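Input: a single structure, listed below in structure tokens.
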Amino acid sequence: MTVQLLSPEGMFQPVPYHHVSISTGTRHVHVAGQIARDGEGNRIALGDLAGQVVQSLRNTARGLAGAGATFSDVVRLRFFATDWSPEKYDAFIAGIERATEELGIPRPLPPASLIGVDYLFEPDVLVEVEAFAVLD
């Protein structure tokens with residue numbers, strides 16, 4: 001396995017992700033920000049943060065697969081969410097939970113950041129996901 005995930009003692013808990021990832025591979029995979037669009041560019045889950053998280057993670061999985069990777073190879077996830085507020089947390093996590101089993105996403109997640117932004121790609125885009133993976 002090229003990725004080891006851990007949360008050392010004394011680091012803030014509980015969080016839905018590991019604080020640290022250690023990778024030993026030599027091929028780095030960077031998946032550009034993925035949004036809630038299907039393969040034809042159609043908008044998915046308009047106004048639904050959880051639904052957009054699921055679709056964005058599905059697109060991320062496709063990008064990883066194209067490079068021969070899976071979520072098990074991911075060393076870091078970065079999420080951007082528009083008009084973020086703590087009240088949106090439950091919907092955000094619900095989207096992750098809906099995608100976890102379907103996409104083989106490890107739980108807890110690899111190290112992850114959620115960054116609130118004013119605006120993404122187009123006005124209907126509520127979330128964007130970037131992934132960084134390492135392969136042998």
Side-chain angles (χ1 to χ4, degrees):
M1 175 177 270
T2 62
V3 179
Q4 177 188 1
L5 302 173
L6 61 124
S7 290
E9 186 175 328
M11 296 189 85
F12 177 69
Q13 295 294 327
V15 291
Y17 57 87
H18 286 284
H19 285 282
V20 177
S21 63
I22 302 166
S23 59
T24 56
T26 57
R27 291 181 51 222
H28 293 243
V29 178
H30 299 262
V31 179
Q34 297 300 303
I35 60 173
R37 298 285 193 268
D38 65 15
E40 288 76 46
N42 297 308
R43 293 172 168 89
I44 305 297
L46 287 172
D48 174 8
L49 178 60
Q52 287 200 18
V53 168
V54 172
Q55 183 63 37
S56 297
L57 288 168
R58 285 177 182 146
N59 293 342
T60 301
R62 287 182 186 100
L64 290 166
T70 69
F71 276 102
S72 295
D73 302 305
V74 170
V75 296
R76 179 163 189 67
L77 291 169
R78 187 175 296 140
F79 296 86
F80 300 91
T82 59
D83 299 318
W84 181 256
S85 67
E87 295 78 27
K88 295 181 179 183
Y89 180 79
D90 289 342
F92 176 77
I93 293 298
I96 291 173
E97 289 174 352
R98 282 177 32 200
T100 297
E101 187 173 330
E102 173 189 339
L103 302 174
I105 299 172
R107 288 303 296 241
L109 296 171
S113 297
L114 173 57
I115 301 164
V117 297
D118 291 331
Y119 188 86
L120 287 165
F121 184 63
E122 290 181 342
D124 65 287
V125 177
L126 303 178
V127 68
E128 182 172 316
V129 182
E130 296 178 344
F132 310 90
V134 176
L135 302 170
D136 285 328

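Fair warning: this is a prediction, and the values are worked out from it, not measured in the lab.
When the side-chain hydrogen bond (donor to acceptor under 3.5 Å, both in side chains) test is applied to Ser85, the partners found at least two apart in sequence or on another chain are Glu87. The ring pair (Phe, Tyr, Trp, His ring centres under 6.0 Å) search around Tyr17 returns His19, not counting sequence neighbours. Partners of Asp83 according to the side chain to side chain contact (heavy atoms under 4.5 Å, CB included) rule, which considers only residues two or more places apart in sequence or in another chain, are Lys88.
Between Asp73 and Thr2 the shortest side-chain heavy-atom distance falls below 4.5 Å. Between Leu135 and Val29, some side-chain heavy-atom pair lies under the 4.5 Å cut-off. Looking at heavy atoms from C-beta onward, Val3 lies out of side-chain contact with Ile22 at the 4.5 angstrom threshold. No side-chain heavy atom of His18 sits under 4.5 Å from any side-chain heavy atom of Arg107.
Residues Val31 and Val127 fall within the same hydrophobic cluster, defined by Ile, Leu, Val, Met, Phe, Trp and Tyr side chains chained together at heavy-atom separations under 4.5 Å. A continuous path of ILVMFWY side-chain contacts below 4.5 Å connects Ile93 to Val129, so both sit in one hydrophobic cluster. With hydrophobic clusters built from ILVMFWY side chains whose heavy atoms lie under 4.5 angstrom apart, Ile115 does not share a cluster with Ile96. Val20 and Phe132 fall into different hydrophobic clusters, where Ile, Leu, Val, Met, Phe, Trp and Tyr are joined by side-chain heavy atoms under 4.5 Å apart, directly or via other members. Taken together through direct or relayed side-chain contacts under 4.5 Å among Ile, Leu, Val, Met, Phe, Trp and Tyr, Leu114 and Leu126 form part of one hydrophobic cluster.
Results of the side chain to side chain contact (heavy atoms under 4.5 Å, CB included) test with Ser21 over Val134, Leu6, Leu5, Val74 single out Leu5 as the only residue that passes.
The 12-atom threshold is exceeded at CD of Glu122, counting heavy atoms of other residues, nucleotides or ligands nearer than 6.0 Å. The local environment of CG in Asp118 is sparse, with at most 12 non-hydrogen atoms from other residues, nucleotides or ligands closer than 6.0 Å.
Atom-to-atom distance recorded for Gln52:CD and Leu120:CG is 9.5 Å, nearest 0.5 angstrom. One distance of note links OG1 of Thr24 with CD of Gln4; it measures 9.0 Å at 0.5 Å rounding. Taking CD of Glu97 as the start and CD1 of Ile105 as the end, the distance is 11.0 Å to the nearest 0.5 Å. Going from atom CD of Glu102 over to atom CZ of Arg58 covers 4.0 Å, rounded to the nearest 0.5 Å. The structure places OG1 of Thr82 at 14.0 Å from CZ of Phe121, a figure rounded to the nearest 0.5 Å.
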| query | Step by step, would you call Phe79 with Leu77 a side chain to side chain contact (heavy atoms under 4.5 Å, CB included)? | reply | CA-CA 7 Å; Phe79 296 86; Leu77 291 169; 3.9 Å; yes

| request: Mind running side chain to side chain contact (heavy atoms under 4.5 Å, CB included) on Ser23 and Val75 for me, showing each step along the way? | output: CA-CA 7 Å; Ser23 59; Val75 296; 3.7 Å; yes

| Between Ser113 and Arg76, is a side chain to side chain donor-acceptor pair (under 3.5 Å) present by the stated rule, with each step listed? | CA-CA 8 Å; Ser113 297; Arg76 179 163 189 67; 2.5 Å; yes

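The shortest non-hydrogen separation linking Ala69 to Ala133 is CB-CB, 4.5 Å. Heavy atoms only, all atoms of each residue included: Thr26 and Asp136 are closest at OG1-C, 3.8 Å. Minimum heavy-atom separation, Leu103 to Phe71: O-CD1, 3.7 Å. Scanning both residues, Leu49 and Trp84, for their nearest heavy atoms gives CD2-CZ3, 4.3 Å. The shortest non-hydrogen separation linking Ala99 to Leu57 is CB-CD1, 3.9 Å.
With no hydrogens or angles considered, no side-chain donor-acceptor pair links Ser56 and Arg37 at under 3.5 Å. Residues Gln55 and Asn59 bring a donor and an acceptor atom of their side chains to less than 3.5 Å of each other.
By the 4.0 Å N-to-carboxylate-O rule, Glu128 lies too far from Arg78 to be salt-bridged with it.
Between the Gln34 side chain and the Thr60 main chain, no donor and acceptor come within less than 3.5 Å of each other.
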